[in-house]
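Each remark here refers to the structure printed beneath this line.
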Amino acid sequence: MEYYELYEVLKSHFDSGKDLIELKELNITMESIPFESKVSDLLYGSENQHCSKHQQKLSINEKNYLLYGHPAVDIRDFEIECNKKFKYHILKRADTETAAGCIFFFHGLNEKKWDKYLPWAYELAQRTQKAIILFPIAFHMDRAEAIWSDRHHMMEVANFRKKKYPENMNYSYVNAAISSRLEAHPQRIFWSGLQTYSDITEVVKDIKSGKINSISREADLDLFGYSIGSFLSMMIKMADPHRYFTQSKVFCFCGGMTIDRMFPISKYIMDTQATVKMQSVFTELLSSDFKSDSRLKHYQTEALHPQESWFKKMLRYNYFQKEREERIQEIQSQIKAYVLEKDSVAPPIEALNTLQGGYRNINVDIEIHDFPFEYSHMVPFPLTHKHKKEVTEAFHQFVKSASDFYSN
């Protein structure tokens, strides 16, 4: 079966919306699990802002949030109900009743649908015999407001951004919501990441307590990240909450670098104005030790939050380089990256810089590939019939690299 055919079959069944789907001819089950986030009080708009670890009230500085006069993007994070209650998905082989291992699978920035990831997850499940947990990052996929994907409403926001910022580039209805929200408050990257990180620890607790029938209580836990999902995977691995991920392996696809060495300017990801604002705010926060954001400073103070403070060490390449590289060196055998030569969003050289270190003295395995067809960061495996054989071959090469890494 060619890649595009596998994609079509999986998508058609996944879109049915059933909570459990078994495809005997493909030896796969797709299960949807309802989930409620326990840490929504972290978010902007909550009346109950405090750090539960230190029983300390942390107030939000409302002036740090830019408002546009467009309710769809001005909505407070805490008020987005679909971000609190949603479903995540598990793909596993149908001939395996209870998987002995699982891989947490994280997608890219500004993603609304799992479609393109279904063949990746399917093939990983087949080759590794592990369960693949498709878990949505906060405010993405099913956790994103439906209006953020509404062409009519988002064209209004895109046109507003065009008028407000005449020099702006790469604006579109596709990236209008995320561009507006991250420009309004770039620190949302941290709060959504922290919420997701906390949600994942709850899923691990559910696995270990036997609440998820398709995964063994003693299952090995691994991590897969694509694009910004690699950043989250690395954060989880480096922080190692509750020592759940001490033995975990991390596979970074089209990622692995610090945030400032990713270039997300694209009609599909973020516009220029939002990207420049995000980078400048993070630079200002790091150089001033988070002076203008006391709540974020609390979570980035290593003495108070040793795990969560890894976030600041992955923000900019030239900050905390020594600490970051020492930690990556400790876990070097448990990390692998697979990057693409023509990827302009996540350039391979930056994966080398971050994961192998400035002096290339960290032994992280990084594979750099260049496919014999037109591809991009957003679409590494195009659904074209013209190069169907080459695309399918490249896809299998990629999945073999990942599954061999997880299985060894």
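- The aromatic rings of Phe251 and Tyr406 lie tilted to each other, with the angle between the two planes from 30° to 60°.
- Remark: the backbone N or O of Ile189 is paired with a side-chain donor or acceptor of Ser192 at under 3.5 angstrom.
- Using modelled atom types, one side-chain atom of Arg93 and one backbone atom of Gln126 make a donor-acceptor pair closer than 3.5 Å.
- The closest donor-acceptor contact from the side chain of Thr196 to the backbone of Ile137 lies at 3.5 Å or more, if one exists at all.
- Ion pairing between Glu8 and Lys11 fails under the 4.0 Å rule for side-chain N and carboxylate O.
- Geometrically, Lys249 engages Phe405 in a cation-pi contact defined by less than 6.0 Å to the ring centre and at most 45° from the axis.
- Within the 3.5 Å criterion, the main-chain N or O of Gln273 finds a donor-acceptor partner in the side chain of Asn168.
- Separation of atoms NE2 (His185) and CG (Leu67) is listed at 12.0 Å; rounding is to 0.5 Å.
- Asn83 and Gln195 share a side-chain donor-acceptor pair at under 3.5 Å.
- For the 3.5 Å distance criterion, the side chains of Gln334 and Lys237 qualify, holding a donor opposite an acceptor.
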Note to self: salt bridge (charged side-chain N to carboxylate O under 4.0 Å, His left out) for Lys208 and Glu218? Distances and angles first, verdict last.
What the structure shows: CA-CA 7 Å; Lys208 291 187 176 298; Glu218 289 82 37; over 6 Å; no

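- Each of Cys254, Ser227, Pro380 was compared with Asp343 under the side-chain contact (heavy atoms from CB on, under 4.5 Å) criterion, and only Cys254 meets it.
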Notebook entry, point to check: How far apart are the C-alpha atoms of Asp199 and Ser37, what are their side-chain angles, what is the distance that settles it, and do they pass the side-chain hydrogen bond (donor to acceptor under 3.5 Å, both in side chains) test?
Noted result: CA-CA 6 Å; Asp199 292 342; Ser37 179; 2.7 Å; yes

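- Note: Phe311 CZ to Leu315 CG = 4.0 Å, rounded to the nearest 0.5 Å.
- Ring geometry, Phe373 versus Tyr375: the interplanar angle exceeds 60°, so the pair is classed perpendicular (tilted spans 30 to 60°).
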Note to self: Evaluate Lys116 against Glu111 for salt bridge (charged side-chain N to carboxylate O under 4.0 Å, His left out), listing each step before the verdict.
What the structure shows: CA-CA 10 Å; Lys116 87 176 181 191; Glu111 300 270 18; 3.1 Å; yes

Check: Please walk me through it: do Gln321 and Tyr317 pass side-chain hydrogen bond (donor to acceptor under 3.5 Å, both in side chains)?
Finding: CA-CA 6 Å; Gln321 185 175 353; Tyr317 180 77; 3.2 Å; yes

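- The line from CD of Glu22 to NE2 of His13 is 11.5 Å long, rounded to the nearest 0.5 Å.
- Checked against side chain to side chain contact (heavy atoms under 4.5 Å, CB included), Lys112 has the following partners two or more places apart in sequence or in another chain: Asn110, Ala144, Trp148, Ser149.
- Distance check: Glu36 CD to Glu202 CD gives 11.0 Å after rounding to the nearest 0.5 Å.
- Tyr226 and Phe253 have tilted rings, their planes meeting at an angle from 30° to 60° on a 0 to 90° scale.
- Taking the six-membered ring where the residue is Trp, the centroids of Phe14 and His89 are separated by under 6.0 Å.
- Thr272 contributes a side-chain N or O that, together with a main-chain N or O of Met169, makes up a donor-acceptor pair within less than 3.5 Å.
- Although no hydrogens or angles enter the test, the distance criterion places a donor-acceptor pair under 3.5 Å between the side chain of Gln329 and the main chain of Asn361.
- Atom CD of Gln300 and atom OG of Ser309 lie 6.0 Å apart (nearest 0.5 Å).
- Under a 3.5 Å cut-off, the side chain of Gln307 and the backbone N or O of Pro241 do not form any donor-acceptor pair.
- Counting only N and O atoms by type, the side chains of Glu350 and Asn353 include a donor and acceptor under 3.5 Å apart.
- In this structure, Phe106 has its ring center at least 6.0 angstrom away from the ring center of Phe224.
- No donor-acceptor pair under 3.5 Å is formed between the side chain of Arg261 and the backbone N or O of Thr354.
- Under the side chain to side chain contact (heavy atoms under 4.5 Å, CB included) criterion, Phe78 pairs with Ser40, Asp41, Leu43, Ser46, Lys84, not counting sequence neighbours.
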Checklist line | Pair Trp120-Tyr3, ring pair (Phe, Tyr, Trp, His ring centres under 6.0 Å): steps then yes or no | finding: CA-CA 10 Å; Trp120 309 6; Tyr3 178 79; 7.9 Å; no

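- Annotation: cation-pi geometry not satisfied between Arg324 and Trp310 (NZ/CZ under 6.0 angstrom from ring centroid, within 45° of ring axis).
- Remark: the His70 side chain and the Arg161 side chain contain no N/O donor-acceptor pair separated by less than 3.5 Å.
- Seen from the ring of Phe282, Arg316 does not count as a face-on cation partner, given the 6.0 Å and 45° thresholds.
- With respect to Ile103, the side-chain contact (heavy atoms from CB on, under 4.5 Å) criterion is satisfied by exactly one of Leu91, Leu223, Thr128, Ile133: Thr128.
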Notebook entry, point to check: Would Val174 and Met154 count as a side chain to side chain contact (heavy atoms under 4.5 Å, CB included) if you check the C-alpha gap in whole Å, the side-chain angles of each, and the deciding distance to 0.1 Å?
Noted result: CA-CA 7 Å; Val174 177; Met154 290 303 111; over 6 Å; no

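- Every residue two or more places apart in sequence or in another chain that forms a side chain to side chain contact (heavy atoms under 4.5 Å, CB included) with His54 is listed here: Cys51, Gln56, His298, Leu304, His305.
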Notebook entry, point to check: Is there a side chain to side chain contact (heavy atoms under 4.5 Å, CB included) between Ile207 and Arg217 once you walk through the steps?
Noted result: CA-CA 5 Å; Ile207 291 170; Arg217 290 168 181 253; 5.8 Å; no

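- Ionic pairing of Glu123 and Lys400 is not present here: no N-O contact between side-chain nitrogen and carboxylate oxygen is shorter than 4.0 angstrom.
- To the nearest 0.5 Å, atoms CD (Glu183) and CZ (Arg188) are separated by 11.0 Å.
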Check: Given Lys322 and Glu326, is the salt bridge (charged side-chain N to carboxylate O under 4.0 Å, His left out) satisfied, shown in steps?
Finding: CA-CA 6 Å; Lys322 182 174 180 287; Glu326 283 174 357; 2.9 Å; yes

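- At least one donor-acceptor pair under 3.5 Å links the side chain of Asp240 to the backbone N or O of Thr246.
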Next item on the list: Tell me, with the steps shown, if Lys336 and Asp365 meet salt bridge (charged side-chain N to carboxylate O under 4.0 Å, His left out).
Entry: CA-CA 5 Å; Lys336 183 172 184 177; Asp365 186 7; 3.7 Å; yes

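- Scanning both residues, Tyr68 and Asp74, for their nearest heavy atoms gives N-OD1, 2.9 Å.
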Checklist line | Residues Gln397, Tyr338; criterion side-chain hydrogen bond (donor to acceptor under 3.5 Å, both in side chains); working and verdict | finding: CA-CA 11 Å; Gln397 181 188 65; Tyr338 194 102; 3.2 Å; yes

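- For Thr96 (side chain) and Ala99 (main-chain N/O), no donor-acceptor pair under 3.5 Å exists by modelled atom type.
- Lys113 NZ: 12 or fewer foreign heavy atoms inside a 6.0 Å radius.
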Next item on the list: Show the numbers, then the answer: is there a ring pair (Phe, Tyr, Trp, His ring centres under 6.0 Å) between Phe135 and Phe35?
Entry: CA-CA 10 Å; Phe135 198 90; Phe35 185 85; 5.7 Å; yes

